[in-house]
Number of protein chains: 2
Amino acid sequence: MDRKTKCHNDLRSQILTLDRAPGGDLDEAGLCAEFGISRTPLREVLQKLSGAGFVEITQNKGAKVVSMDLPTMRVFFQTAPLIYANVARLAADNHRGNQLNDLKDIQRRFKLATRENDPATAAMENHAFHEQIGEMAGNPYLLPSLKRMLIDHTRMSQTFYRPASDAEQVLVTKACDQHDAMIAAFEGREAPLAIDLTLQHWDLSRDQMERFVRQDPLPVDVISLKEKRHAV
Amino acid sequence: MDRKTKCHNDLRSQILTLDRAPGGDLDEAGLCAEFGISRTPLREVLQKLSGAGFVEITQNKGAKVVSMDLPTMRVFFQTAPLIYANVARLAADNHRGNQLNDLKDIQRRFKLATRENDPATAAMENHAFHEQIGEMAGNPYLLPSLKRMLIDHTRMSQTFYRPASDAEQVLVTKACDQHDAMIAAFEGREAPLAIDLTLQHWDLSRDQMERFVRQDPLPVDVISLKEKRHAV
DNA sequence: GTTGAACATGTTGTATACAATATTGGGGTG
DNA sequence: CACCCCAATATTGTATACAACATGTTCAAC
């Protein structure tokens with residue numbers, strides 16, 4: 001794979017796994033050194049990531065990882081069922097060709113990652129699973145919204161795949177089973193069932209994510225001292 | 001305004017007004033000469049437009065205006081009410097500060113453009129009107145979908161603001177009145193009414209746009225002879 | 001001690017030259 | 001005449017040098 005593409009993919013997954021903190025600075029020179037490319041292609045990568053909602057670029061002030069503030073998260077929880085349910089319905093109706101097989105492959109890798117206790121991979125494969133459902137829906141208008149939801153969904157789910165207790169491990173297994181059930185619904189083109197399973201899956205995620213949000217009284221953002229002072 | 005920004009805005013509005021044909025090629029050297037900037041910032045503009053769904057970039061093959069094929073348009077008609085209605089509801093609930101005043105300003109300019117028979121401006125102000133409603137909704141997850149819908153909506157509405165007959169002029173006036181009614185609904189924070197008016201407004205647009213689509217038996221895309229041969 | 005201005009430094013934005021990749025056209029072969 | 005290969009050309013991708021802008025620091029004035 002070409003270094004520019006690798007840079008794009010690495011940044012993307014580092015953002016999704018919270019390896020790059022929300023609100024964190026993305027210094028051009030540093031990233032150039034890190035990925036061994038010059039500033040021109042690096043800036044194009046940042047532009048692309050900005051278009052996809054991973055990064056925020058400010059004129060003359062550089063790029064940051066998109067932040068995750070609490071008011072926005074409230075909007076997230078409000079909006080997710082609408083998008084997810086509609087995408088699931090469309091996916092059941094419209095998927096074609098090898099798309100379902102690709103989904104099964106992703107699910108296989110997802111299951112493996114959860115079994116082998118590889119939380120970062122599990123989170124990324126779960127992301128890929130839901131993005132693939134978006135592709136199956138065949139709706140270029142809804143897809144950008146879905147992708148933006150998935151960014152924050154995956155970031156908030158990071159702790160989910162690092163189960164501390166047995167009870168939490170059970171939830172991961174349950175999520176995995178729900179994926180299997182969803183695949184079956186897509187295969188049978190049973191749209192109402194797909195919607196229902198999707199909403200169940202959402203309920204599970206939501207409970208987990210709300211715990212994640214509540215758990216952490218500190219803002220998820222990296223806030224510079226200066227900005228903090230302004231806030232006071 | 002800086003030349004790079006002007007380049008971005010000009011390309012954007014030229015695409016929306018069909019001045020740049022869907023599927024049409026965007027040559028870097030040509031655009032550089034046209035806007036008096038070098039290739040580096042021009043490419044960044046194209047990246048940005050690509051992220052917003054105005055332009056498609058293919059590796060080593062340059063940029064094109066996003067195409068408008070018939071299957072996608074079918075998806076458009078299927079998806080629009082969902083997005084528009086939900087955005088309207090959220091806008092009624094969540095708008096704040098000067099957002100409503102900004103909307104009124106846009107509506108004023110829109111009305112003026114329709115009265116003075118300035119179809120391109122009317123189409124752009126109508127676009128701005130609905131984009132502003134998107135801002136008022138305060139939902140960063142739904143907004144990208146709305147914006148993508150509006151791109152094709154505005155492109156398909158181009159003939160709408162060039163009314164040939166009196167009967168068509170009546171429809172434009174009706175659309176304008178609906179905007180006023182929507183503003184009133186937002187002002188009173190009457191979400192159900194806003195949804196209802198939005199769906200009525202959509203019905204009017206849809207009839208008009210379907211006529212536009214049917215009217216033209218040739219594909220809206222610029223298809224090269226080579227691609228045509230492939231299709232045969 | 002605080003404020004403000006000027007300078008020094010670092011970071012981002014742009015232009016240009018060069019490299020890599022597509023496309024086109026011509027000549028040769030079956 | 002059709003087809004294919006190869007060279008010539010055009011277009012896109014990358015690196016680098018320079019310009020513009022933002023930030024942080026120093027020093028002087030109050």
Side-chain angles (χ1 to χ4, degrees), chain A residues 1-12 15 20-21 23-52 54-67 222-232, chain B residues 1-12 20-21 23-52 54-67 221-232:
Chain A
M1 185 193 303
D2 124 18
R3 278 178 304 182
K4 184 181 176 182
T5 311
K6 177 172 166 46
C7 170
H8 178 274
N9 294 348
D10 282 7
L11 282 177
R12 193 185 106 101
I15 290 169
R20 305 253 177 204
D25 237 66
L26 296 167
D27 178 64
E28 293 184 5
L31 293 171
C32 285
E34 188 174 338
F35 292 103
I37 55 179
S38 77
R39 282 181 54 222
T40 311
L42 176 83
R43 282 169 64 87
E44 291 196 352
V45 166
L46 292 177
Q47 295 274 348
K48 208 168 161 190
L49 289 171
S50 161
F54 289 87
V55 156
E56 268 170 343
I57 297 177
T58 315
Q59 190 74 238
N60 294 326
K61 289 191 148 195
K64 290 170 173 251
V65 177
V66 286
S67 57
V222 170
I223 298 178
S224 76
L225 287 175
K226 192 168 188 181
E227 283 171 302
K228 249 185 185 157
R229 256 185 232 132
H230 268 286
V232 177
Chain B
M1 185 193 308
D2 123 21
R3 277 178 305 182
K4 184 180 176 183
T5 311
K6 178 173 166 45
C7 169
H8 178 273
N9 294 347
D10 282 8
L11 281 177
R12 193 185 106 101
R20 305 254 177 201
D25 238 66
L26 295 166
D27 179 62
E28 291 184 6
L31 293 171
C32 285
E34 189 174 339
F35 292 102
I37 54 178
S38 76
R39 281 182 56 224
T40 310
L42 177 84
R43 283 168 65 84
E44 292 196 351
V45 166
L46 292 177
Q47 296 274 349
K48 207 167 160 192
L49 289 170
S50 161
F54 289 88
V55 156
E56 268 170 342
I57 296 178
T58 315
Q59 189 75 240
N60 295 325
K61 288 190 148 195
K64 289 169 172 252
V65 177
V66 285
S67 58
D221 268 327
V222 171
I223 298 179
S224 75
L225 287 174
K226 193 169 190 181
E227 283 172 300
K228 249 185 187 160
R229 256 185 233 133
H230 269 286
V232 177

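Keep in mind it's a predicted model, so treat the numbers as computed, not measured. In what follows, every chain begins at residue 1, and chains take the letters A, B, ... in the order their sequences are listed.
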Identify every side-chain donor-acceptor pair in residues 45-52 of chain A under 3.5 Å, counting partners at least two apart or on other chains, and give the distances.
| from | atom 1 | to | atom 2 | distance (Å) |
| --- | --- | --- | --- | --- |
| A:Gln47 | NE2 | B:Glu44 | OE1 | 3.4 |

query: How many angstroms lie between CZ in A:Arg43 and OG in A:Ser38, if you round to the nearest 0.5 Å?
result: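 So the CZ of A:Arg43 and the OG of A:Ser38 are separated by 11.0 Å.
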
- prompt: Can you name the side-chain contact (heavy atoms from CB on, under 4.5 Å) partners of B:Lys6, sequence neighbours left out?
  reply: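 In terms of side-chain contact (heavy atoms from CB on, under 4.5 Å), with neighbours along the sequence ignored, B:Lys6 is linked to B:Met1, B:Asp10.
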
- prompt: Partners of A:Asp2 by side-chain contact (heavy atoms from CB on, under 4.5 Å), sequence neighbours excluded?
  reply: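 A:Asp2: side-chain contact (heavy atoms from CB on, under 4.5 Å) contacts with A:Lys4, A:Thr5.
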
- line: Once base and sugar-phosphate atoms are separated, protein heavy atoms under 4.0 Å mark nucleotides 11-18 of chain C, 5' to 3', with B, S and - as SBBBBB--

task: Any pair with a residue in residues 32-42 of chain A that passes salt bridge (Lys or Arg N to Asp or Glu O under 4.0 Å), sequence neighbours left out, goes on the list, sorted by first then second residue, please.
output: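 Non-adjacent pairs meeting salt bridge (Lys or Arg N to Asp or Glu O under 4.0 Å): A:Arg20-A:Glu34, A:Glu28-A:Arg39.
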
- prompt: Do B:Cys7 and B:Leu31 come close enough that some side-chain heavy atom pair is under 4.5 Å?
  reply: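 Side chain of B:Cys7 against side chain of B:Leu31, heavy atoms only: no contact under 4.5 Å found.
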
message: Could you report the tightest heavy-atom contact between B:Lys64 and B:Leu26, atom names first, then the distance?
response: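 Shortest heavy-atom separation between B:Lys64 and B:Leu26 comes out as C-CD1, 3.9 Å.
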
task: Please round to 10 degrees the angle between the axis of the first five pairs and the axis of the last five pairs in the helix from C:dG1-D:dC30 to C:dG30-D:dC1.
output: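 Its terminal axes enclose an angle near 10°.
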
